[in-house]
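First up is the structure itself, then whatever we jot down about it.
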Number of protein chains: 2
Amino acid sequence: MSDRKRDILLNAVEEYIQSASPITSSNIRSHCSENLSTATLRNELNALEAMGYLRQLHTSSGRVPTAKGYRYFVNSIMGDVPLDKAVLDEIHGIFENRSIYLGDMVNEIADIVSKATNYPAVVMLKGFEKLIIKNVKIVPLMTGQALILIETNSGIINNFMPAKVDIPTQTYVDASNFLTTTFAEHSVADMIQNIENYRVQMGKDLAEFCGIFDTMIDSLKCLCDKIASSGGFTARGQLRLLNSPEYHDLDKAKRVIDALSNPKDLEQIFDEPDDEEISFRIGTEIPVTELQDCAVARADYTIDGESIASIGIIGPQRMDYAKIASALKFVVGEFANLKALDSNKGDKDEQK
Amino acid sequence: MSDRKRDILLNAVEEYIQSASPITSSNIRSHCSENLSTATLRNELNALEAMGYLRQLHTSSGRVPTAKGYRYFVNSIMGDVPLDKAVLDEIHGIFENRSIYLGDMVNEIADIVSKATNYPAVVMLKGFEKLIIKNVKIVPLMTGQALILIETNSGIINNFMPAKVDIPTQTYVDASNFLTTTFAEHSVADMIQNIENYRVQMGKDLAEFCGIFDTMIDSLKCLCDKIASSGGFTARGQLRLLNSPEYHDLDKAKRVIDALSNPKDLEQIFDEPDDEEISFRIGTEIPVTELQDCAVARADYTIDGESIASIGIIGPQRMDYAKIASALKFVVGEFANLKALDSNKGDKDEQK
DNA sequence: GTTAGCACTCTCGCCAATTGACTGCTAATA
DNA sequence: TATTAGCAGTCAATTGGCGAGAGTGCTAAC
């Protein structure tokens, strides 16, 4: 492909992303190639169409990028576009004020990412059980339940468990301390799996904790199951899909929105690992029929090479790829900072 | 109004709520008045139109209820329609498993009510500071923050506050116990306002708690402000508005949905007290211009005569009033049960 | 390789005619 | 007096045709 064709194609795609109306030869002339005539541009556009990057909706209309055209654009222009400063600050604020429950954080991130990009966002929490335990607290409440708080390197896991009222508060404190000293720097999964071994090993010392541990593990398993049954997905900002002219058709929009609340569909997109920083799938590259006239952006947050959470944006193929890429990069970056911060902290102030 | 007119009107409204298409004379004949001719029915419909209960969109179309017609229907038919058993169980489950944060509970209730009715739902948390304290716990975390847990008669208030790492855990326990014994059976507002007095009164005994109390009160005030700034509103299920044929027009739907995320608008509907169990406002009865072709249902949850939370449903005037009324009644009923249960519990197991 | 010019194609908005669904009204009937 | 049958009238919705406008493809000239 000649340099000129490349310029024209990239310009056409960019233009179309902004305007949402088919690109004409005069259109391009006024925006980037003022020294060429429309006739020449028509020849070039014709060639680009033959090459499969553009297509015409009908003989006498302008041209629209094909999935291949978008793909070319995405591969070429992956430079960052600076995000809105207010949005940046808002994202940063969420992470700043991070002594927050993991579940809430996931919701907030989905909200913010959707707001920043103006498309629906999906967050998939893949393995909270892989997070590294820093501290465990079991707090008995008056209502016959207790609150489990597990501080990890990426936020706090919280869950309620049933609790007998006749167990003294101190027992809960002791049990919590035991769990913290035993499982600090281990993963939650480790704790769930290995608590049995510790119990056997330590004999009657732990007898009084047994009941507590059993119900705690049960309730954590329950939480795992709950997250697993929803596939760990949280979708937010579905309404924003309606802002795109391509989804002014309600039925079309509904089909996409329905897919967003169907774990089975989303699974196919987010389950398989993805080692790119930001990946885009366009059109038929998406393994879900209902979404094949969409584009999906995805970024993963990984710890030690394992993906903990995925963030996805779903929109029309004519989505603002550059803006989305920078939003996702920024969010994932904040995630990483968070982890660095936490491990520092963890070293500094040991729990007695 | 004659009995026959009444029958015809109620039937027409009910029919229209189901079918969403204008009611014709032959329509009524086949559904309720098979012994009358369509001509007679036309005379009756004509009379009902003259009385202002129905109106024609154009000369040769069927008739549609006016706001006055819906109002008559609502006042007449307030009998309960049994709700879907699955929905009933789901609502019940939320309250059953009630050791849950107030904030989460509000979200879940909005979700469920919206799901049950198939319309957008709004929950307004008016005065969590009016709730009665049963127990206070301040739990220090590793990240330089502490978790405030206030168990009340209607769920747990939770919020984070900054905390110095060098304060020993026991101080937090003592501070928590002090707050619990001092303010149990008082409202949260009482605690926020009167903690100053207690501090002055008790002198240096409390000196070591001062810092903790100050930051706690600050952070609770912050929470109050945050809730106040959003008007305390949580809207869910906005998308369901699109299911109604009257909102297939996107712009029309968006105007309503925007109003639902505008505290200023919602305030006008939910701020003034409402002593009916379930109240409906139809059309111009709603004090918000953007919502004047909608209907709004509202139910309040009150403690000691004061409204703590309001639940609202927004939909087209052609909404299923009976179904909405029963869903709201059921939810408010569960709320009340909750309170009864809690005060029992409170008597039984005292905190040391 | 580039450009000007012309014919061609297709969408969109507009208008008129047709169709079909209901109603209102009038006159006949119980 | 209340009800009904029948007929004329009204209006929305659909259809088809027409013209304008936008944009292209192609060809011939530069």
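All values reported here derive from a predicted model rather than from experimental measurement. A note on names: the letters A, B, ... follow the listed sequences, proteins ahead of strands, and every chain is numbered from 1. Hydrogens, waters and symmetry mates play no part in the numbers below; they use all other heavy atoms, side chains included.
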Which atom names give the shortest non-hydrogen contact between B:K323 and B:T117, and what distance separates them?
-> NZ-O, 4.5 Å
Classify the ring geometry between B:F280 and B:Y321 as parallel (under 30°), tilted (30 to 60°) or perpendicular (over 60°).
-> perpendicular
Got a sec, which residues hit side-chain hydrogen bond (donor to acceptor under 3.5 Å, both in side chains) with B:R29, two or more places apart in sequence or on another chain?
-> none
Looking at every strand, decide which applies to A:S25 at a 4.0 Å heavy-atom threshold: base, sugar-phosphate, or nothing.
-> sugar-phosphate
Report yes or no: does A:S114 contribute a side-chain atom to a donor-acceptor pair with the main-chain N or O of A:Y119 at less than 3.5 Å?
-> yes
Taking atom types as modelled, is there a side-chain donor on B:Y70 or B:N75 under 3.5 Å from an acceptor on the other?
-> no
Heavy-atom pair with the smallest gap, counting every atom of A:R6 and A:S76 | NH2-CB, 4.0 Å
Shortest non-hydrogen pair, A:F233 vs A:P263, comes out as CE1-O, 3.8 Å
Which angle, rounded to 10°, do you find between the first-five-pair axis and the last-five-pair axis of the helix from C:dG1-D:dC30 to C:dA30-D:dT1?
-> 20°
Nucleotides bounding contact with chain B, strand DNA chain D, heavy-atom threshold 4.0 Å | D:dT3 to D:dA12
Any A:L242 side-chain heavy atom under 4.5 Å of A:L250 side chain = yes
Relative to the 5' end of DNA chain D, which residue comes earlier, A:N27 or A:A39, by the nucleotide with the nearest heavy atom?
-> A:N27
Which residues in residues 7-22 of chain B have at least one heavy atom lying under 4.0 Å from any atom of DNA chain C?
-> none
Tell me, which of residues 55-69 of chain A have any heavy atom that sits under 4.0 Å from an atom in DNA chain D?
-> A:Q56, A:T59, A:S60, A:S61, A:R63
B:N35 near the nucleic acid: base, sugar-phosphate alone, or nothing, with a heavy-atom cut-off under 4.0 Å?
-> sugar-phosphate
Using a 4.5 Å cut-off on heavy atoms from C-beta on, say whether the side chain of A:T66 contacts that of A:L54.
-> no
Between B:A110 and B:R236, what is the shortest heavy-atom contact and its length?
-> CB-CG, 3.6 Å
Minimum heavy-atom separation for B:V332 to B:D300, with atom names?
-> CG1-O, 3.7 Å
Could you list by number each residue of residues 42-54 of chain B showing a heavy-atom separation from DNA chain C of less than 4.0 Å, or answer none if no residue does?
-> B:R42, B:N46
Within-4.5 Å side-chain heavy-atom neighbours: A:I269 and A:P287 | yes
Counting distance only, does the side-chain N/O of B:R318 pair as donor-acceptor with the main-chain N or O of B:I17 below 3.5 Å?
-> yes
Taking 4.0 angstrom as the limit, do B:K115 and B:D111 come out as a salt bridge?
-> no
Could you pull out the closest heavy-atom pair between B:I314 and B:L241, with the gap in Å?
-> O-CD1, 4.2 Å
